[in-house]
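Read through the structure below, which is laid out as structure tokens, and then see the notes.
Everything numeric here is computed off the predicted structure, so don't read it as measured data.
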Amino acid sequence: QVQLVESGGGLVQAGGSLRLSCAASGRSFSTYAMVWFRQAPGRERERVAAISGSGKNTYYATSVKGRFTISRDDPKNTMYLKMNSLRPEDTAVYYCASRTVPITAPQASEYTYWGQGTQVTVSA
């Protein structure tokens, strides 16, 4: 059974940092593109960062560029999102997802496997 499990969310003050993890199990994700989406109440799901299967290509939303870093550790079958200089507007449920090809895609519908989400709350 394929599973993605996020961890590392929590409550942090503005300006603080968190590192989210996405642990995959059930198969190797080493060649799959992976992504972080987030969804705040009343808002659409937003692609935050993505990383290709090779790890050589990354994408960041304009709102997080320079503050967030996506990475992957294939031997551990785990992806990370390091979030620095957090702002109240970063508050959301963060989801990791994967598709079964190496190239990332912008739409959530392009991703096959999803985690259950982890809450990130940034207080002012």
Side-chain angles (χ1 to χ4, degrees):
Q1 182 181 358
V2 176
Q3 270 194 316
L4 297 178
V5 179
E6 302 98 335
S7 61
L11 174 64
V12 64
Q13 288 187 330
S17 299
L18 286 173
R19 189 180 79 157
L20 305 183
S21 299
C22 173
S25 62
R27 68 184 306 166
S28 172
F29 282 70
S30 62
T31 60
Y32 292 173
M34 300 191 75
V35 66
W36 289 97
F37 281 88
R38 67 185 180 188
Q39 188 164 23
R43 302 189 66 176
E44 292 187 356
R45 192 165 292 194
E46 172 191 19
R47 185 174 59 144
V48 175
I51 188 166
S52 64
S54 68
K56 294 180 180 179
N57 298 301
T58 57
Y59 161 87
Y60 295 96
T62 301
S63 59
V64 308
K65 198 171 292 184
R67 301 187 297 122
F68 290 11
T69 303
I70 190 171
S71 62
R72 61 191 301 157
D73 185 339
D74 288 335
K76 293 184 178 180
N77 229 17
T78 301
M79 176 180 64
Y80 304 98
L81 184 68
K82 183 67 188 322
M83 305 185 294
N84 295 327
S85 302
L86 283 162
R87 305 167 180 170
E89 54 264 39
D90 295 318
T91 295
V93 177
Y94 284 70
Y95 299 90
C96 67
S98 176
R99 60 196 306 241
T100 57
V101 294
I103 308 301
T104 63
Q107 301 298 328
S109 58
E110 298 285 345
Y111 291 86
T112 305
Y113 303 112
W114 287 83
Q116 81 289 349
T118 187
Q119 176 70 47
V120 171
T121 303
V122 184
S123 62

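Grouping the Ile, Leu, Val, Met, Phe, Trp and Tyr side chains by contacts below 4.5 angstrom, directly or via other members, places L18 with W36. With hydrophobic clusters built from ILVMFWY side chains whose heavy atoms lie under 4.5 angstrom apart, Y80 does not share a cluster with V93. Clustering ILVMFWY residues whenever any of their side-chain heavy atoms sit less than 4.5 angstrom apart, transitively, puts V120 in the very cluster that holds M34. Linking ILVMFWY side-chain heavy atoms closer than 4.5 Å, directly or via other members, places V48 and M79 in a single hydrophobic cluster.
Side chain to side chain, R27 and Y113 meet the donor-acceptor criterion of an N or O pair below 3.5 Å.
Once rounded to the nearest 0.5 Å, the distance linking OG1 of T69 with CZ of R19 reads 11.5 Å. With values rounded to the nearest 0.5 angstrom, L81 atom CG is found 10.5 Å from C22 atom SG.
Using cut-offs of 30° and 60° for the angle between ring planes, the Y94 and F68 rings count as tilted. The aromatic rings of Y95 and W114 sit perpendicular, their planes meeting at an angle over 60°, well past the 30° parallel limit.
The two residues S98 and Y32 come nearest to each other via the heavy atoms OG-CB, 3.4 Å. When every heavy atom of Y111 is checked against every heavy atom of A33, the shortest pair comes out as CE2-O, 4.4 Å. Taking each heavy atom of S17 and N84 in turn, the nearest pair found is OG-OD1, 2.9 Å. The two residues A24 and F29 make their nearest non-hydrogen contact at CB-CD1, 3.3 Å. Contact detail for L4 and A97: the closest heavy-atom pair is CD1-CA, 3.8 Å. The two residues A105 and R47 come nearest to each other via the heavy atoms O-NH1, 3.5 Å.
No more than 12 heavy atoms of other residues, nucleotides or ligands sit less than 6.0 Å from atom CD of Q13.
By the salt bridge (charged side-chain N to carboxylate O under 4.0 Å, His left out) test, R67 pairs with D90, sequence neighbours left out.
Counting heavy atoms from C-beta outward, K82 and S71 have side chains that stay 4.5 Å or more apart. A heavy-atom distance below 4.5 Å is not found between the side chains of E6 and L20. Between Q119 and T91, some side-chain heavy-atom pair lies under the 4.5 Å cut-off.
Of the possible donor and acceptor atoms, none in the side chain of T31 sits under 3.5 Å from a partner among the backbone N and O of P102. R43 places no side-chain N or O within 3.5 Å of a backbone atom of A92 that could act as its donor or acceptor partner.
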Could you check R38 against V64 for side-chain contact (heavy atoms from CB on, under 4.5 Å), going step by step and ending with a plain yes or no?
CA-CA 12 Å; R38 67 185 180 188; V64 308; 4.0 Å; yes
Carefully, step by step, assess E46 and S63 under the rule side-chain contact (heavy atoms from CB on, under 4.5 Å).
CA-CA 11 Å; E46 172 191 19; S63 59; 3.5 Å; yes
Checking S28 against N77 for the side-chain contact (heavy atoms from CB on, under 4.5 Å) test, could you report, in this order, the C-alpha distance in whole Å, the side-chain angles of both residues, the deciding distance, and whether it holds?
CA-CA 7 Å; S28 172; N77 229 17; 4.3 Å; yes
List, one per line, each side-chain donor-acceptor pair under 3.5 Å for residues 54-62, sequence neighbours excluded.
{"residue": "S54", "atom": "OG", "partner": "S52", "partner atom": "OG", "Å": "3.2"}
{"residue": "S54", "atom": "OG", "partner": "K56", "partner atom": "N", "Å": "3.1"}
{"residue": "Y60", "atom": "OH", "partner": "I70", "partner atom": "N", "Å": "2.8"}

